[in-house]
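These numbers were taken from a predicted model, which means no experiment stands behind them. Throughout, a chain's letter reflects where its sequence line sits, starting with A, and its residues are numbered from 1.
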There are 2 protein chains.
Amino acid sequence: MSDSDTSVVSRLRKLIGEGAFRQGERLGEVAVAEQLGVSRTPVRLAFRTLEQEGLLQRAGKRGFRVREFTEADVLCAVEVRGALEGLAARRLAEQGMSSALTAELEFWIQKGRDLLAKGHLEEQDVEVWSELNRHFHENIVGSAGSSVIGDAIARNNHLPFAAADSIIIDSEALDREYRKLQLAQVQHELVVQALRHGEGARAEMLMREHALIGLRYAELLDVGRHSPSG
Amino acid sequence: MSDSDTSVVSRLRKLIGEGAFRQGERLGEVAVAEQLGVSRTPVRLAFRTLEQEGLLQRAGKRGFRVREFTEADVLCAVEVRGALEGLAARRLAEQGMSSALTAELEFWIQKGRDLLAKGHLEEQDVEVWSELNRHFHENIVGSAGSSVIGDAIARNNHLPFAAADSIIIDSEALDREYRKLQLAQVQHELVVQALRHGEGARAEMLMREHALIGLRYAELLDVGRHSPSG
DNA sequence: AATTGTTATTTTGGATCCAAAGTAGATATC
DNA sequence: GATATCTACTTTGGATCCAAAATAACAATT
């Protein structure tokens, strides 16, 4: 039993995310089974899961193929997350935050302040940020009064580029990443501010904008460094 | 081959939607297989699909149980659809509509006008409305530039109460349903108006409000009929 | 009497076998 | 030469068998 099935799912998820298969490539059950060293059964089960996650598509009446993603798909997936997290934030602002939740959010906010306090970013800080960022988002989404929103976000996050913690990649340019995280921190603090004051619309819009930080802010943050054309 | 697998999935989906199983009831593979008259294999495949759809949940390390839905879940699922359809509408307004799409939407709008022109609702009108309503929504969501939004909506719609065409139920009170459809028609027309003028924010909000028509408008439409307390 | 350890039963995961459906290729006929 | 039909091969769906894991029940010991 164990999680051999989950393992096949996650192994395939990883392979697809890494681009081990061509976009649109047809995946045969036997071929994948041999490649992973298991029988057809767990592969068949995994295909159904991955189909629902959106990583595979049915190829006509026979088999599955690797889902193809365009630039527009990536942007859309990020906007979807923004819309859903924004919805969660608005609901949370409208229903009011418990003091426990307020404290929890403040805790992770403070972690962020501490991280950025030293004025620059180091390698090991990346994981710390990823951790606190995840907790921040999960606390908001998880407190929206229903797991439905969180489920929708989780399904969307199966698209490898849509997840909230896929912000950090470039550990070569730590100074640029530092400024990005500074901005993200400000956005986090503003969201909490709006939530505390019950400002639903503002919380929603801030959260939605915050989702775009991984996409649209790169060139902005390079202004004054490399190309001052921005 | 055929769609025996799909059949098991949809049969189970139907059974769950009808409440054939208790909320939170554990489903064993053998029991369900016997009940449906198939072997364990298609049931195992179906469980994975239904888990991703959110109708089943993993029960610890062993088996699945029927997902429990609260009132808050229902409201949230509808709001999620509103948020996603709103996102699609805003994107569509911002990118501009093709003349073909405009014509298509106008066509279904006109169908709605025709349906409501005679001043009352009949039994067979329900299916006609369901058809045009579906086309209206699918055209907007399908033209948002990426299938990601549509996929997210489709996954959300697997929750039996969240789908857009679950508006109509009460064929006993056709006069109330008529007024509801009148309102829906106006909302459809306003959405198209906003889309044509490139009013993204307005299109988004109209679409979002439109999603709530099945939930929050019942008492409103009863005003002046049964209980004038609204 | 309570707790722990062992055993038995239940249930799921994985592998293999068979059947059915689809696709492709070849042959025959027009 | 083109098209249509038939056949062979590929691939997936369903059933069954076996193994492993988890739960439950029972017994033994403290």
Exercise: identify the closest heavy-atom pair between A:Ala88 and A:Val141 = CB-CA, 4.1 Å
request  = Can you tell me the distance, in whole Å, between the CZ atom of B:Arg48 and the C1' atom of C:dT12?
outcome  = 8 Å
Between the protein and nucleotides 15-18 of chain C, which nitrogen or oxygen pairs are less than 3.5 angstrom apart?
{"residue": "C:dA15", "atom": "OP2", "partner": "A:Ser39", "partner atom": "N", "Å": "2.4"}
{"residue": "C:dA15", "atom": "OP2", "partner": "A:Ser39", "partner atom": "OG", "Å": "2.6"}
{"residue": "C:dA15", "atom": "O5'", "partner": "A:Ser39", "partner atom": "OG", "Å": "3.3"}
{"residue": "C:dA15", "atom": "N7", "partner": "A:Thr41", "partner atom": "OG1", "Å": "2.6"}

request  = Could you tell me whether B:Glu106 and B:Arg196 have a side-chain N and a carboxylate O separated by less than 4.0 Å?
outcome  = yes
ask   = With A:Glu204, which residues qualify under side-chain hydrogen bond (donor to acceptor under 3.5 Å, both in side chains), at least two apart?
value = A:Arg90, B:Arg208
task = Remember a base hit wins even if backbone is also touched, and classify B:Gly63 as base, sugar-phosphate or nothing at under 4.0 Å, heavy atoms.
result = sugar-phosphate
request  = Please work out which of the three classes, parallel, tilted or perpendicular, describes the rings of B:His188 and B:Trp129, given edges at 30° and 60°.
outcome  = parallel
task = Rounded off to whole Å, could you give me the CD-to-P distance for the B:Glu51 and C:dG13 pair?
result = 10 Å
task = Could you tell me the separation between the CZ atom of B:Arg11 and the P atom of D:dG14, rounded to a whole number of Å?
result = 11 Å
inquiry  = Assess, by modelled atom type and distance only, whether the side chains of A:His135 and A:Asn139 contain a donor and an acceptor separated by less than 3.5 Å.
reply    = no
key: SB check B:Glu51 B:Arg48 (cutoff 4.0 Å)   = no
task = Please work out which residues in residues 23-35 of chain A have a non-hydrogen atom less than 4.0 Å from an atom of DNA chain C and list them by number.
result = none
task = Let me know the distance between CZ of B:Arg62 and P of C:dG13, rounded to the nearest Å.
result = 10 Å
query = Starting at CZ of A:Phe47 and ending at P of D:dT12, how long is that distance when rounded to a whole Å?
reply = 8 Å
ask   = Would you call the rings of B:Phe64 and B:Phe47 parallel, tilted or perpendicular if under 30° counts as parallel and over 60° as perpendicular?
value = perpendicular
note = Rounded to whole Å, the CZ-C1' distance (B:Phe64 to C:dG13) equals 11 Å
inquiry  = What is the distance, to the nearest angstrom, from the NZ atom on A:Lys61 to the P atom on C:dG22?
reply    = 6 Å
remark   = In whole angstroms, the gap separating C1' of D:dG13 from CG of B:Leu45 amounts to 8 Å
ask   = Would you call A:Arg91 and A:Glu94 a salt bridge, using N to O less than 4.0 angstrom?
value = no
inquiry  = Assess whether a salt bridge exists between A:Glu131 and A:Arg134, defined as any Lys/Arg side-chain N lying under 4.0 Å from an Asp/Glu carboxylate O.
reply    = yes
